[in-house]
Each structure stands twice: as structure tokens, then as C-alpha cells.
Amino acid sequence: MTKKPPILELRDLDKSFGPIDVLHEISLKVHEGEVLCLLGDNGAGKSTLIKILAGVHKPTAGTILMDGEKVEFDRPRDAADRGIATVHQFGGTFPLMSIGRSFFVGVEPTRNWGPFTVFDRKKANEIAVKAVQDFGITRIDDGDRLVGGLSGGERQSLAIARAVYFGARVLILDEPTAALGVKQAAHALRIVNEAKRRGLAVIFITHQVMHALAVGDHFAVLIRGAVAADFRKNEKTREEITDLMAGGESMADLEASVEGYMEIHEGHPPPTRPTG
């Protein structure tokens, strides 16, 4: 039987902002039902890589493939349409919205009310609550509850449930446990395993080695914009991974230079190096 290609694969991906090289020959792959942990200290280049996968930046060179076919993302909508969903630390949710409204923001279900079309609050609440409870958050049973009243872990669950409901195939989790307590972080890790069980390809970005080891199948350590190590579960110890990550202190200065460059050239796309 022919093995299925990875859902998402990167081949020799580079990213430069003008004269500043940020990513160098990044090659990674993730299959369905697999968690790829992308490890790196602050400033290792993780944020730039996430933005490329989410369609915010285009790579300077290299190839992105989905299901073995080359793809290009000119904007975030292109990545979303291919099933790539990014969830940030607090889920990108809206604190002053209800759970049901936040779940369907931008794609609200409607119903007719006389000559008017109005938001179908009951339907939205029922779907949102069921989707979140399916991920094990049984404490949420009221779709009218404000998102701002949820814990950090519950917000993460809401965002992940939303992504899955709308057809995500690749779930990018950006430091999902960084701001959580021990109990909330443990629950967030269970959510990651549930997404994996459902067949999603998960890219778990973190600098917390213990959290990565708890859920990961495949690991890559990013240092100064390059993949310093690429290995499978049980091939390296926690101490070895921590030592690898400790080699990337100076990347923070590089990312600060990129931010300065972008501010100077605000409103003007940074030049890219010719390829080929």
C-alpha cells in the first residue's frame, strides 16, 4: 500500500527581510494524526515560520506542499481555505462576546424574522457548546456566557473546537501552555491529544520541553532560524533537547533588527533576494 504524503511539508524554506536573513533552509513535515513539536527559545525564528504557514508572509525561497502538491499563500485566507488554522496563546477569542457569537464570528448562522435576517443565537449556542464539550470541557454549558469569564485553557479549547468544526486539517498551536497554570496546562495538553486522535496534523510551538515530550511524536529544534535537530519520540532525552535549545541566544538581536527594518519600511514590502 502506498504511504500517504504528509499533510504539510516544507522544503528548504528561506525568509529574508531585505538584507536580514531570518530563516534558513527549513525542511519539515507533519502527517495526519501526528504532533510535530517545534522547539526553540525566544527569538529562534518560530514566529516568522508561523506567519509563513498562516499566509502572513511569503517565503523568500523554498517550497510548501500540502498532500504532496505545491501550494502558495498570498494572504491568510489562502492558508485557511486549505485547512491551516493557527491558535495563539489566548485563542484569538473576543472577551466581550458570548461563546456562541465568538465561535461563529464572521460566519454567523441566521434565521428569518419577518422581512429581516437575524443572528440565530440559539443555533450558534447549541453548536458551540456541543463542540467545546466534545473536547472534554463539560463545565461550559451556556453559550451566552462571555468569553472573558473563561480560563485560559477554556479559551484555548474554544478556539481549537472552532477550528476543527470549520474543517481545519493542520492545527498550529503557538505557545498554548505558556500562560497557563499546571492544571490548565495539563488540560490543554489533553486537548492536543484529542485533536491528534481525530486525525489532525498538529504543529505545537513551545519552548517548554516537558510539555512537548508529553504530546509530541516528532520534534524539531530551531536555533537562529535553522533546524538544529530533527528527531522522533524517545530519540533524545529532555536534557539533550534543553542543551540544544540553549544554543540560540543571539537570535533575539536579529529579530529586533527585523522589527526595526519593518518600522522603517512600513507600508513598503521589504525587498527579497532573487532565487534560482
Counting C-beta onward and ignoring hydrogens, is there a side-chain heavy-atom pair between [X] and [Y] closer than 4.5 Å?
| X | Y | value |
| --- | --- | --- |
| Thr48 | Lys51 | no |
| Val147 | Phe94 | no |
| Ile7 | His31 | no |
| Phe135 | Arg190 | no |
| Val56 | Pro76 | yes |

### Message
Val87 and side chain to side chain contact (heavy atoms under 4.5 Å, CB included): which single residue from Leu158, Ile172, Leu171 fits?
### Response
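One option only clears the test, and that one is Leu171.
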Next item on the list: Using the side chain to side chain contact (heavy atoms under 4.5 Å, CB included) rule, take Ile52 and Phe73 through it: C-alpha gap first, then chi angles, then the decisive distance, then the call.
Entry: CA-CA 8 Å; Ile52 290 174; Phe73 305 140; over 6 Å; no
(Q) With a 6.0 Å cut-off on the ring centroids, do Phe204 and His211 count as close? (A)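 So the answer is no for these two rings.
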Distance (rounded to the nearest 0.5 Å) between [X] [atom1] and [Y] [atom2]:
| X | Y | atom1 | atom2 | value |
| --- | --- | --- | --- | --- |
| Leu10 | Leu53 | CG | CG | 5.5 Å |
| Ile64 | Lys70 | CD1 | NZ | 10.0 Å |
| Glu154 | Arg139 | CD | CZ | 4.0 Å |
| Asn125 | Ile99 | CG | CD1 | 8.0 Å |
| Thr86 | Ile205 | OG1 | CD1 | 7.5 Å |
| Arg238 | Leu213 | CZ | CG | 8.5 Å |

Q. Mind checking what makes salt bridge (charged side-chain N to carboxylate O under 4.0 Å, His left out) contact with Glu32, not counting sequence neighbours?
A.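 Here the qualifying residues are Lys4.
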(Q) Checking Glu72 against Thr63 for the side chain to side chain contact (heavy atoms under 4.5 Å, CB included) test, could you report, in this order, the C-alpha distance in whole Å, the side-chain angles of both residues, the deciding distance, and whether it holds? (A) CA-CA 8 Å; Glu72 293 185 3; Thr63 305; over 6 Å; no
So does [X] have more than 12 non-hydrogen atoms from other groups sitting under 6.0 Å from [atom1]?
| X | atom1 | answer |
| --- | --- | --- |
| Arg111 | CZ | yes |
| Glu69 | CD | no |
| Arg145 | CZ | yes |
| Arg232 | CZ | yes |

Would you kindly confirm whether [X] and [Y] end up in one hydrophobic cluster when ILVMFWY residues are joined by side chain heavy atoms under 4.5 Å apart?
| X | Y | answer |
| --- | --- | --- |
| Leu173 | Val164 | yes |
| Val202 | Val215 | yes |
| Leu65 | Leu13 | no |
| Leu146 | Ile140 | no |
| Ile26 | Val71 | yes |

task = State, without any angle test, whether His218 and Asp230 hold a side-chain donor-acceptor pair at a distance under 3.5 Å.
result =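 The answer is yes; a qualifying pair exists.
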* Asked: Between Ser98 and Asp144, do the side chains contain an N or O donor and an N or O acceptor separated by less than 3.5 Å?
  ->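 Not at all, the side chains of Ser98 and Asp144 share no donor-acceptor pair under 3.5 Å.
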Over all heavy atoms of both residues, which pair between [X] and [Y] is shortest? Give the atoms and the distance, please.
| X | Y | value |
| --- | --- | --- |
| Phe103 | Arg162 | O-NE, 2.5 Å |
| Ser16 | Asp21 | OG-OD1, 2.6 Å |
| Ile137 | His187 | CD1-NE2, 2.6 Å |
| Ala44 | Leu222 | CB-O, 3.2 Å |
| Met245 | Val209 | SD-CG2, 3.5 Å |
| Lys123 | Pro109 | CD-CB, 4.0 Å |

| message | Checking Val132 against Thr138 for the side chain to side chain contact (heavy atoms under 4.5 Å, CB included) test, could you report, in this order, the C-alpha distance in whole Å, the side-chain angles of both residues, the deciding distance, and whether it holds? | response | CA-CA 8 Å; Val132 175; Thr138 55; over 6 Å; no
Is there a side chain to side chain contact (heavy atoms under 4.5 Å, CB included) between Leu244 and Lys236? Walk through the geometry before answering. CA-CA 10 Å; Leu244 274 169; Lys236 290 189 183 297; 4.0 Å; yes
Evaluate Lys196 against Glu194 for salt bridge (Lys or Arg N to Asp or Glu O under 4.0 Å), listing each step before the verdict. CA-CA 5 Å; Lys196 169 184 169 179; Glu194 175 62 19; over 6 Å; no
Pair Asp134, Lys130 - check salt bridge (Lys or Arg N to Asp or Glu O under 4.0 Å), show working. CA-CA 6 Å; Asp134 284 348; Lys130 183 179 185 306; 3.0 Å; yes
- [ ] Only counting residues at least two apart or in another chain, list the ones meeting side-chain hydrogen bond (donor to acceptor under 3.5 Å, both in side chains) with Asn112.
- [x]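 With sequence neighbours excluded, Asn112 shows a side-chain hydrogen bond (donor to acceptor under 3.5 Å, both in side chains) to no residue whatsoever.
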Could you work out, with side-chain hydrogen bond (donor to acceptor under 3.5 Å, both in side chains) as the rule, every residue matching Asp12, not counting sequence neighbours?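 By the side-chain hydrogen bond (donor to acceptor under 3.5 Å, both in side chains) rule, Asp12 matches Ser27.
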Give a yes or no answer on whether the side chain of Gln156 reaches the backbone of Pro176 with a donor-acceptor pair at less than 3.5 Å.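 Checked: pair present.
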Check: Under the 3.5 angstrom rule, does the side chain of Lys46 hit a backbone N or O of Gly40 as a donor-acceptor pair?
Finding: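 The answer is yes, because a donor-acceptor pair under 3.5 Å joins these two groups.
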- Query: Using 30° and 60° as the class limits, which term best fits the ring planes of Phe166 and Phe104: parallel, tilted or perpendicular?
  - Reply: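 Phe166 and Phe104: perpendicular rings.
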task = Report yes or no: is the cationic atom of Arg101 (NZ for Lys, CZ for Arg) under 6.0 Å from the centre of the six-membered ring of Phe119, at an angle within 45° of the ring normal?
result =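 Yes, Arg101 and Phe119 form such a contact.
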**Report entry** salt_bridge(Glu235, Lys233) N-O dist < 4.0 Å
**Finding:**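 Between Lys233 and Glu235 there is no salt bridge, as every charged N stays at least 4.0 Å from the carboxylate O atoms.
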